[in-house]
**Q** 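One structure, pasted below without further comment.
Numbered from 1 within each chain, the chains take letters A, B, ... in sequence-line order.
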2 protein chains.
Amino acid sequence: MNSSLSNPTVRASSLNSELTSSLRDAIITGEIKQGSRLSETKLAKRFDVSRGPLREAIRRLEGMNLVSHRPQQGVRVVTLDADLILQIYDAREALESKAVALAAQVMSSAEIDELHRLIDAQTKQMRENDGAHVPAESDYAFHELVIRGSQNKVITHALLEEIYHLIKMFRYQTLAAKHSSTNSLIEHRQIVYAIEQRDPVLAEVTMRRHIVHARDRIKQRLERASNQTEIDS
Amino acid sequence: MNSSLSNPTVRASSLNSELTSSLRDAIITGEIKQGSRLSETKLAKRFDVSRGPLREAIRRLEGMNLVSHRPQQGVRVVTLDADLILQIYDAREALESKAVALAAQVMSSAEIDELHRLIDAQTKQMRENDGAHVPAESDYAFHELVIRGSQNKVITHALLEEIYHLIKMFRYQTLAAKHSSTNSLIEHRQIVYAIEQRDPVLAEVTMRRHIVHARDRIKQRLERASNQTEIDS
DNA sequence: AGATGGAAAAATGTCAACATTTACGATTTT
DNA sequence: AAAATCGTAAATGTTGACATTTTTCCATCT
């Protein structure tokens, strides 16, 4: 239940911080379902803590857009309907295309080398798998490197502490897609190329297209799923 | 001190919510100085509440990027140095240019009329003042209308609940600029025109230029201020 | 039988006290 | 006199209990 009570000398730096991570992951994986109410008393029992730290963790989740709060009525897990998903990708497109433009200007060569290592590893993983897919974790690692490479705290915070949690939640649950496509890897190579050329405009355009592609694929899936349920009913 | 304890029947919907606003405003206006430590015990006495709701309010301010937390050492108010200010405007450029592109596609004619009313009021205010400036509040109102007009929850949250608080804090303190320029009003008219034409590309480009202009002016001011202090020392 | 009312239970909002850690200052030692 | 160490005080982290509101369930009335 409690993930870190092993070494009493280490002092796991704060309970509410641990709770934030645990709750966040439980929401992302769907262990706590979309739209469901978060009962403070039940969660306090489940994690074996008092309600104080728990409430603080919930307040942080509010800032991550993972739960919404209504006074005197508690908090509910966000519901990822089609509209919201597409809105998330619009926000991501705006922020991450700007991030890569900045990264192309300020990223160190050491960081660019790291990007190469990631892509090489992804190429290898693709061959070892079915030859058409790359693990989602690897995909996240790539994007996180680029985002941090922008050295823009505000953009990095917005993307990694808010938008990406929602994207992971969507991919993990609604989609069962734990992989990204071959096209994705090709586009990643193009992005690294643009960064290497120190060409912010090319980098921005390439990243924007990469994300719009992903958005389009998702939109098609959602529309098909919507039609399907209409037929079913 | 306490802004709403008058009517006991009305029940001011939650103490920690009120605290969030009060603390936020105290930070934005500089009443609580940049870089200073927020003492929970002192603030609890000052607002005459217990530390529970206060801590929750502080957790919310964390999500707004207004304070940063270090375990076992409390929270400090963010410091708006030159780097951070420019990063904020880069993030704003990315998000708000996308917001206006979306707004151009989905805004209702009633909302567009509201934009016109605001601009007309600003024109009037400018004439009644020195003839060259418009109150900052009016400027915020315009941008907020456009942002909400995008109907994108994620972008709206990022801009209005995070980035704009930092911008207001900067304008209120570092800059003593409680006004925006004449150019600004002209650019606002161009933005409304693009929205009216239902031209998302033109709207996006115009908004981007509007924000880049503001960023450039700030950058010049900051560099002059920096040179000035070098001379002084 | 359905709807309306009230009472009980559970949930959120809040507070005061306890525990542990950090920081500051005084004292001691070199 | 300067530096290091120890002790005290204050701050953060956490807990359990109290208050008010909301929800649910049951009984009663139409």
**Q** Rounded to the Å, how far apart are Leu38(B) CG and dA11(D) C1'?
**A** 13 Å
**Q** Can you find a side-chain donor-acceptor pair between Ser138(B) and Gln125(B) that sits under 3.5 Å?
**A** yes
**Q** For Arg37(A) and dT24(D), give me the distance from atom CZ to atom P, rounded to whole Å.
**A** 8 Å
**Q** Salt-bridge test for Arg60(A) and Glu62(B): reply yes if a basic N is under 4.0 Å from a carboxylate O, no otherwise.
**A** yes
**Q** Name the closest nucleotide to the Gln72(B) side chain, picking from dC15(C), dT14(D), dG13(D).
**A** dG13(D)
**Q** Side chain of Ser50(B) only, please: which of dT12(D), dT14(D), dC15(C) is the nearest?
**A** dC15(C)
**Q** Among dT14(D), dA11(C), dT14(C), which nucleotide has an atom closest to any side-chain atom of Ser39(A)?
**A** dA11(C)
**Q** Could you check how far CZ of Arg76(A) sits from P of dT22(D), rounded to whole Å?
**A** 16 Å
**Q** On DNA chain D, check which nucleotide each of Gly52(A) and Gln73(A) is closest to and give me the residue with the more 5' one.
**A** Gly52(A)
**Q** Taking only the side-chain heavy atoms of His69(A) (C-beta and beyond), determine which of dG13(C), dT12(C), dC15(C) contains the nearest atom.
**A** dG13(C)
**Q** Can you measure Glu40(A) atom CD to dT21(D) atom C1' for me and round it to whole angstrom units?
**A** 13 Å
**Q** Between dG13(C) atom C1' and Arg59(B) atom CZ, what is the distance in whole Å?
**A** 18 Å
**Q** How do Lys42(B) and Pro53(A) order along DNA chain D: which one's closest nucleotide is nearer the 5' end?
**A** Lys42(B)
**Q** Separation of Leu43(A) atom CG from dT12(C) atom P, in whole Å?
**A** 9 Å
**Q** Quick one: is Asn16(A) getting a side-chain N or O under 4.0 Å of the dT14(D) phosphate, OP1 or OP2?
**A** yes
**Q** Could you tell me whether Arg55(B) and Glu40(B) have a side-chain N and a carboxylate O separated by less than 4.0 Å?
**A** yes
**Q** Looking only at side-chain N and O atoms, does Arg59(B) offer a donor or acceptor that is under 3.5 Å from a partner on His69(B)?
**A** yes
**Q** Calculate the interatomic distance between Arg55(A) atom CZ and dA11(C) atom P; express it in whole Å.
**A** 14 Å
**Q** Taking atom P of dT14(D) as reference, at what distance in whole Å does atom CG of Leu54(B) sit?
**A** 16 Å
**Q** Which nucleotide in the set dT12(C), dT14(D), dC15(C) lies at the smallest distance from any side-chain heavy atom of Val49(B)?
**A** dC15(C)
**Q** So, using ring-ring contact (aromatic ring centres under 6.0 Å, His included) as the criterion, who are the partners of Phe142(B) when residues are at least two apart?
**A** His188(B)
